[in-house]
Enquirer: 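One structure is given below, represented as C-alpha cells, and several questions about it will come after.
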2 protein chains.
Amino acid sequence: MAWDTEGTRRRLKEAATVEFAQYGPDGTTMTRIAERAGINKERLYKYFGDKESLFESVLRDELEKLAAAVTPPADGLKDIGEFAGRTFDYHAAHPELARLLLWEGLAGGPPADEANRTEHYRRKVRAFAAAQRDGALTDDLDPAYLAFLVIGLAAWWHAAPQLTRMLSGLDPDDPDERTRRRAFVVRAAERLALPYREA
Amino acid sequence: MAWDTEGTRRRLKEAATVEFAQYGPDGTTMTRIAERAGINKERLYKYFGDKESLFESVLRDELEKLAAAVTPPADGLKDIGEFAGRTFDYHAAHPELARLLLWEGLAGGPPADEANRTEHYRRKVRAFAAAQRDGALTDDLDPAYLAFLVIGLAAWWHAAPQLTRMLSGLDPDDPDERTRRRAFVVRAAERLALPYREA
DNA sequence: GGTAACTACAACGTTGCCGTTGGATTAGAG
DNA sequence: CTCTAATCCAACGGCAACGTTGTAGTTACC
C-alpha cells in the first residue's frame with residue numbers, strides 16, 4: 001500500500017475535530033484522537049505539535065470551510081433573511097463549528113488565526129454599513145452589533161441546547177423542528193434588520 | 001471563635017463559582033477551589049460530594065439568583081425592551097452565570113435541576129403567548145423561540161467574546177461600550193417582538 | 001468535665017494524561 | 001538491492017488531579 005501522508009494528516013484532523021467539538025480542549029485526550037483515527041498517537045505530535053496547536057489548526061480549518069460555504073449575498077444584504085437562513089443551515093449541518101467557537105471563547109485565550117478573522121469580520125461589518133447607507137437595512141442599529149447578532153441567530157441554538165430543550169421540549173434533530181427554527185431565524189433577521197414597513 | 005458552618009459552606013461555594021465559571025468543570029480543580037476559599041479541600045467533599053455535584057449546586061444557586069433578581073414585568077411584557085435590558089444588566093454584572101450555562105450546555109449531560117428550570121421557562125413562554133394574544137407582542141413569531149432569543153440577546157455577548165472583540169475592537173468592560181450594548185439589546189428586542197408600527 | 005461535632009493538616013493510593021523515545025516494520029525511490 | 005522515510009508499537013518519566021483517610025486540635029453542649 002502506498003504512503004498516504006496527506007490522508008493520514010486528514011484522518012487525524014477529522015478525528016481531532018470530532019473529539020474537540022465533543023469534549024473541548026480539556027476533555028479531549030490525544031490518545032483518543034489517535035484511536036478514533038486508527039493511527040498511532042505519535043503521528044499526532046509529528047504532524048501537529050502539541051494539543052493546543054492541534055486545536056487551533058482544527059478551528060482554523062472549520063472557519064475556512066464556513067467562509068467558503070456561506071458566501072455573503074451579492075445583492076447587498078437586502079435579502080438578509082436568507083443570508084441568516086443559510087448561515088443557520090450551515091451550523092445545523094456542521095454543529096462542530098459552533099461548539100469549537102464556544103470552547104475557544106470560554107477558554108479565554110487569544111483567538112486562533114486572529115488577524116485573518118478580524119479582517120473577515122471587518123469586511124462583513126463594512127458590508128452591513130454599506131447596505132444601511134443604501135437603505136436596504138435599517139440604520140437604526142449599529143452595523144457591528146447587527147452583524148454580531150445575525151451570527152448569534154444562527155449559532156445560539158447550539159450554545160444553549162439545554163434551554164432549547166427545556167423551552168420547547170422538542171428534539172433539535174427532528175427535521176420539522178429544524179425547518180421551523182430556520183423559518184424563525186429568517187423572519188427574526190428580517191424584523192431586526194429591514195427598515196420598518198408599513199403595517 | 002464560633003463555628004460558622006454556613007459561612008464555610010458559603011465561602012466554598014463562592015470560590016467554586018468563580019473557578020467553575022472561569023475554567024469550566026474540566027479545567028477546575030478541587031484543590032484550587034479550596035485554596036481560593038482558604039479552607040481545606042476535605043471540607044469540600046464533606047459538604048458537596050464530588051466535583052459534579054458541586055458544579056450542579058453552584059449552577060442551581062446562580063439560576064435562583066437570576067430568577068430572584070430579574071422578575072418578569074408586571075405589565076404583560078409590552079415593555080419587552082426594558083425586560084431584555086434588565087436581563088442584559090444582570091448578565092453584565094454577573095458574567096459567571098452565562099459562562100456556567102455555556103459550560104453546562106457544552107458538557108451535554110442532563111441539565112441540573114431540570115424540573116424546576118423547565119417549569120420556570122414554560123411559565124415564561126406562557127407569559128409571552130399571553131402577551132401575543134393581548135396584542136402587546138407580535139404574533140408573527142413562536143413564543144418559545146421568541147423567549148429563547150430574548151435570553152440570547154442578553155447572553156450571546158458572553159458566549160462569543162472573541163467575536164465581539166474582533167468585530168468591534170472594543171473593550172467589553174468599558175462603561176460606554178456597555179451602555180451602547182444595552183441600548184442595542186433594548187432596541188433589538190423591541191424590533192423583534194413588538195407589533196409593527198406605522199412607519 | 002465529658003462527649004460529639006466541626007475543622008485543619010498532611011499524606012496517601014490510584015488513575016489518567018501529556019509528550020517523548022527507541023526500536024521494529026513497511027513501503028517507495030534511485 | 002539499498003537507502004530513506006513513513007508508520008507502528010510499547011513503554012516510559014513526569015506530573016497533576018480525584019477522592020480518602022488518619023490524626024490532632026477546637027468548639028459547642030449536656
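Keep in mind the model is a prediction, meaning the values are calculated, not measured. All chains are named by letter (A, B, ...) in the order of the sequence lines, taking the proteins before the strands, and each is independently numbered beginning at 1. For the numbers below, each heavy atom of this structure counts, side chains included, while hydrogens, waters and symmetry mates do not.
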Enquirer: What pairs with B:Gln162 under side-chain hydrogen bond (donor to acceptor under 3.5 Å, both in side chains), at least two apart in sequence or on another chain?
Expert: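 B:Gln162 satisfies side-chain hydrogen bond (donor to acceptor under 3.5 Å, both in side chains) with A:Glu104 only.
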Enquirer: Could you check whether B:Lys65 pairs with B:Glu62 (Lys NZ or Arg NE/NH1/NH2 to Asp/Glu carboxylate O, under 4.0 Å)?
Expert: yes
Enquirer: Over how many whole Å does the gap from A:Phe48 atom CZ to C:dC18 atom C1' extend?
Expert: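 After rounding, the reported distance stands at 17 Å.
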Enquirer: Kindly indicate, with the supporting measurements, whether the criterion side chain to side chain donor-acceptor pair (under 3.5 Å) is fulfilled by A:Ser53 and A:Asp50.
Expert: CA-CA 6 Å; A:Ser53 306; A:Asp50 61 9; 2.9 Å; yes
Enquirer: Tell me: CZ of B:Arg32 to P of D:dC18, nearest whole Å?
Expert: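 So the CZ-P distance, B:Arg32 to D:dC18, works out to 9 Å.
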Enquirer: Expressed in angstrom and rounded to an integer, what is the separation of B:Glu6 atom CD from C:dT7 atom P?
Expert: 10 Å
Enquirer: Can we say B:Arg10 and B:Glu6 salt-bridge, meaning some charged N sits less than 4.0 Å from an Asp/Glu carboxylate O?
Expert: no
Enquirer: A:Leu54 CG to C:dC17 C1': how many Å, rounded?
Expert: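 One finds 15 Å between C1' of C:dC17 and CG of A:Leu54, rounded.
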Enquirer: In whole angstroms, how far is the P atom of D:dA6 from the CD1 atom of A:Ile39?
Expert: 14 Å
Enquirer: Taking only side-chain N and O atoms of A:Thr8, does any of them lie within less than 4.0 angstrom of OP1 or OP2 on D:dT7?
Expert: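 So the side chain of A:Thr8 is within the cut-off, an N or O lying under 4.0 Å from OP1 or OP2 of D:dT7.
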Enquirer: Measure from CE on B:Met30 to P on C:dT15 and round the result to the nearest Å.
Expert: 19 Å
Enquirer: I want to verify a distance call: between C:dC18, D:dA6, D:dG19, whose nearest atom is closest to the B:Asp50 side chain?
Expert: D:dG19
Enquirer: Rounded to whole angstroms, how far apart are CG on B:Leu12 and P on C:dC6?
Expert: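 So the two atoms are 14 Å apart, to the nearest Å.
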Enquirer: One thing to verify: whether B:Arg11 and B:Glu14 come together as a salt bridge, which I'm taking to mean a side-chain N less than 4.0 angstrom from a carboxylate O.
Expert: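 No.
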Enquirer: Between A:Asp142 and B:Arg180, is there a salt bridge with N-O shorter than 4.0 Å?
Expert: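 So B:Arg180 does not pair with A:Asp142 through a salt bridge.
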Enquirer: I need the residues from residues 40-47 of chain B with at least one non-hydrogen atom less than 4.0 Å from DNA chain D; give them sorted by number, or say none.
Expert: B:Lys41, B:Glu42, B:Tyr45
